[in-house]
K.L.:
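Sending over a structure as structure tokens; questions will come in a sec.
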Amino acid sequence: MLAGYDTLITTIALGAILAYSFHVVLMAGQLSLGQAGFASLAAYVSTLVVPAEPLFGSLSPVLVGLPVGALVGAGAAFVVGLPVLRLRGVFLAIATIAFGEMVRVAMTNAEWTNGALGVRVDKWVTFDFAWIIVAVLAYLFWRLGPSRVGRAFAAVREDELAAGSMGVNVVRTRMTSFVASGAIAGVYGVLFAYFFGRITPAAFDFSLMMDGLVTAVLGGYLVFFGPVLGSGFLTVVPEIQSALGLDAGWVHPLVTSLLLLAVILFLPGGLSSLLARRRPAPRRVDPDGTDLAGLPPLPEPGTAVAELRALGKSYGAVQAVREIDLEIRSGEILGVIGPNGAGKTTLVNMISGLEPPTSGEGEVLGVALGSNGGAHRFAQAGVSRTFQHSKLFDRLTVLDNVLVGTHVVSRPTYLRRLLWLPSARRDERRARALAWAQLDRVGLAERAHLRPGALSYGDQRRLEIARALAAHPTLLILDEPAAGMNHVEAAELAALIKALADDGITVLLIEHNVRMVLDTCTRLVVMNFGEVIAAGRPREVAADPKVVEAYLGATETGESEYV
């Protein structure tokens, strides 16, 4: 039945494999175009190790070349990634294009590659062999999606700042996706060589990179079978064109370009998203004692959680925060208020590890401020936060947003998911139970299947709090959580914050709703021009003349309306 279509079917498989090398970096929000270089290196090196005769009399000798090609591609990607992964977006794309061109030029001028003439090899790759590799890759990505590392990839793609604050090691995640891309490109290079029977440097040029990228984007990189769908579609189009007698060379590029433009404008998730739209609502997992067991205990009330000594932050000549001495103790609700530009957000950015101080010192849950490692180290220590402007993962569901929050208190499951081990299912169930518990806590359980964009602004703020709570934090930083809420919603939020403190969670609250702060907080700090101008019991601080003058304002009698 497939007679005469072997080449076409195998070409679809090879296109899908190449697209998977782009798929994995796009999953993590990166635009890398160096895959042709990785494939070229792997293809040439494989010719040095692949035997001329079948293995054990019948097996394809390419089985020897595949792991070698994967290692060569992964190794090259790691070396290249060390300097270039500091770049983002188009700059990363340009740097990786340059690498691919460097490899092509080097191979053209090397003696062992026979220069531009290339190397001839035996054709050992058949359509069934190629499709087995496609099936393996599809399985790997299918099992990756719902795993802890899969959620980390998605979080980094959506918002690196928020991902790091949830405990995701952004640098490691980006490098992991880059190295995986190199390994898959290496596999493609070996299969390409032993299917077409000849390797030349020109075969791994810029057009190859663009073909792989277009296939990945057209098929969709949010669903595991996107590369297969994209490759099949783009490979069949020329065949349909030929069958219709449209032999003009401009037809195929025109059709491909129009399809790609349509996908970018109207279907950002690619063609595969059409098949994935009708997903069933997420199955609720009710937590029990087993699910919540094993969470780290919170410190005893009164234990020092954070200590800041003469902490300061400057941006050039602008001193945003200066000489802050502050101690935060377990179980308290510490309010930080002050006019806009007082340095409140800069202060909590330093406490949560997003920004290093320029002067002074401090420790938060045993982690020194300004130490190497980034925000994820503070999240792993027990710091969780929301942001002044919501940083939700817009292409993830409400439930998946909260599942990202469980990153620091859940175990890696991907390798165990590949083997269908019961322990992986238990750990994933535990993570989902934690997520559902927090959605119940903030009243969003019935909206678990929605995207954040479908929620009201107040519900989006509550979702961000649920995501932060899913990390089981010791110190919870809330940066203007009541912004955009009416007085009823603000009162409900205040009750939630008090309940969190009763549970032993330390809360650091930045808020402009002064009445809510005075009714909720156990201690209050007031900042102005980067300095602390008052600290103590909320009502006493509100009556301080310096606070009244700088922030609260006075009534006609000269007293603060909040006293």
Side-chain angles (χ1 to χ4, degrees), residues 159 161-162 164-167 298 305-306 308 326 328-338 340 342-355 364-365 375 378-379 381-392 401-402 404-405 408 438-439 441-444 452 455-487 489-527 538:
D159 193 310
L161 192 65
S165 297
M166 293 297 102
L298 297 174
V305 170
L308 315 180
L326 182 64
I328 305 174
R329 295 197 168 274
S330 175
E332 71 174 339
I333 305 174
L334 175 63
V336 179
I337 63 173
N340 289 327
K344 306 182 297 296
T345 296
T346 301
L347 174 63
V348 298
N349 283 346
M350 289 189 287
I351 292 175
S352 59
L354 292 180
E355 296 186 22
V364 179
L365 295 172
F378 290 81
V383 179
S384 193
R385 66 167 296 175
T386 66
F387 292 85
Q388 184 176 6
H389 303 289
S390 292
K391 289 185 173 295
L392 297 172
N401 265 269
V402 182
V404 173
V408 296
Q438 305 315 320
L439 287 175
R441 203 169 199 173
V442 301
L444 291 178
L455 302 179
S456 67
Y457 188 78
D459 283 346
Q460 289 180 12
R461 304 298 289 185
R462 277 192 283 270
L463 173 58
E464 199 173 14
I465 293 172
R467 186 181 66 186
L469 289 174
H472 186 63
T474 299
L475 173 61
L476 175 63
I477 300 174
L478 302 177
D479 195 348
E480 299 187 23
M485 292 185 178
N486 57 41
H487 68 282
E489 293 173 323
E492 292 174 349
L493 176 61
L496 172 62
I497 293 173
K498 290 179 181 178
L500 296 176
D502 292 339
D503 291 341
I505 298 175
T506 307
V507 180
L508 174 56
L509 173 65
I510 296 178
E511 185 52 64
H512 284 296
N513 186 332
V514 178
R515 186 70 65 188
M516 171 186 167
V517 171
L518 295 178
D519 293 340
T520 306
C521 296
T522 57
R523 188 159 62 99
L524 192 59
V525 170
V526 184
M527 296 183 65

K.L.:
Please report the interatomic distance CD(Q460) to OG(S390), rounded to the nearest 0.5 Å.
P.N.:
6.0 Å
K.L.:
Using every non-hydrogen atom in the two residues, find where T520 and M516 come nearest and quote the distance to one decimal.
P.N.:
OG1-O, 2.7 Å
K.L.:
Do you know the tightest heavy-atom contact between I351 and F378?
P.N.:
O-CD2, 3.5 Å
K.L.:
Measure the spacing between OG1 of T346 and CG of L354 and express it to the nearest 0.5 Å.
P.N.:
11.0 Å
K.L.:
With side-chain contact (heavy atoms from CB on, under 4.5 Å) as the test, pick out the partner of L334 among L326, L524, T522.
P.N.:
L326
K.L.:
Give the table of side-chain donor-acceptor pairs shorter than 3.5 Å for residues 489-501, with sequence neighbours excluded, one pair per line with atom names and distance.
P.N.:
{"from": "E489", "atom 1": "OE1", "to": "N486", "atom 2": "N", "distance (Å)": "3.1"}
{"from": "K498", "atom 1": "NZ", "to": "D519", "atom 2": "O", "distance (Å)": "3.2"}

K.L.:
State the CG-CG distance between L518 and N513, to the nearest 0.5 angstrom.
P.N.:
9.0 Å
K.L.:
Could you tell me which residues satisfy side chain to side chain donor-acceptor pair (under 3.5 Å) with T506, sequence neighbours excluded, listed by chain and number?
P.N.:
none
K.L.:
Judged by atom type as modelled, is there a donor-acceptor pair below 3.5 Å linking the side chain of R467 to the main-chain atoms of T386?
P.N.:
no
K.L.:
Who are the side chain to side chain donor-acceptor pair (under 3.5 Å) partners of D479, not counting sequence neighbours?
P.N.:
T345
K.L.:
Just wondering, do L347 and L308 contact through their side chains at under 4.5 Å, heavy atoms?
P.N.:
yes
K.L.:
Looking only at heavy atoms, what is the nearest atom pair of A381 and L365, with distance?
P.N.:
O-CD1, 3.4 Å
K.L.:
Does D502 have any side chain to side chain contact (heavy atoms under 4.5 Å, CB included) partners at least two apart in sequence or in another chain, and if so, which?
P.N.:
none
K.L.:
Using a 4.5 Å cut-off on heavy atoms from C-beta on, say whether the side chain of H512 contacts that of N340.
P.N.:
yes
K.L.:
First locate atom CD of E511, then atom CE of M485, and finally report the distance between them rounded to the nearest 0.5 Å.
P.N.:
9.0 Å
K.L.:
Might you point out which heavy atoms bring F387 and S165 nearest each other, and give the distance in Å?
P.N.:
CZ-OG, 3.3 Å
K.L.:
Tell me every residue that passes side chain to side chain donor-acceptor pair (under 3.5 Å) with S330, counting only those two or more places apart in sequence or in another chain.
P.N.:
none
K.L.:
Would you give the length of the straight line joining atom CD1 of I465 to atom CZ of R462, rounded to the nearest 0.5 angstrom?
P.N.:
8.0 Å
K.L.:
Are E480 and R461 packed together at the side-chain level, in the sense that at least one heavy-atom pair is separated by less than 4.5 angstrom?
P.N.:
yes
K.L.:
Is any side-chain heavy atom of M166 less than 4.5 Å from a side-chain heavy atom of K391?
P.N.:
no
K.L.:
Show me the donor-acceptor pairs, under 3.5 Å and distance only, between side chains in residues 468-478 and residues at least two apart or in other chains.
P.N.:
{"from": "H472", "atom 1": "NE2", "to": "P296", "atom 2": "O", "distance (Å)": "2.7"}

K.L.:
Should V364 and M350 count as side-chain neighbours, where that means a heavy-atom distance under 4.5 Å?
P.N.:
no
K.L.:
Please examine the side chains of L463 and V442, heavy atoms only from C-beta on, and report whether any two atoms are closer than 4.5 Å.
P.N.:
no
K.L.:
Hey, is the main chain of V336 close enough, under 3.5 Å, to the side chain of K344 for a donor-acceptor pair?
P.N.:
no
K.L.:
When rounded to the nearest 0.5 angstrom, what is the spacing between CZ in R523 and CG in L508?
P.N.:
9.5 Å
K.L.:
Is E464 reaching over with its side chain to a backbone N or O of L392, donor-acceptor style, under 3.5 angstrom?
P.N.:
no
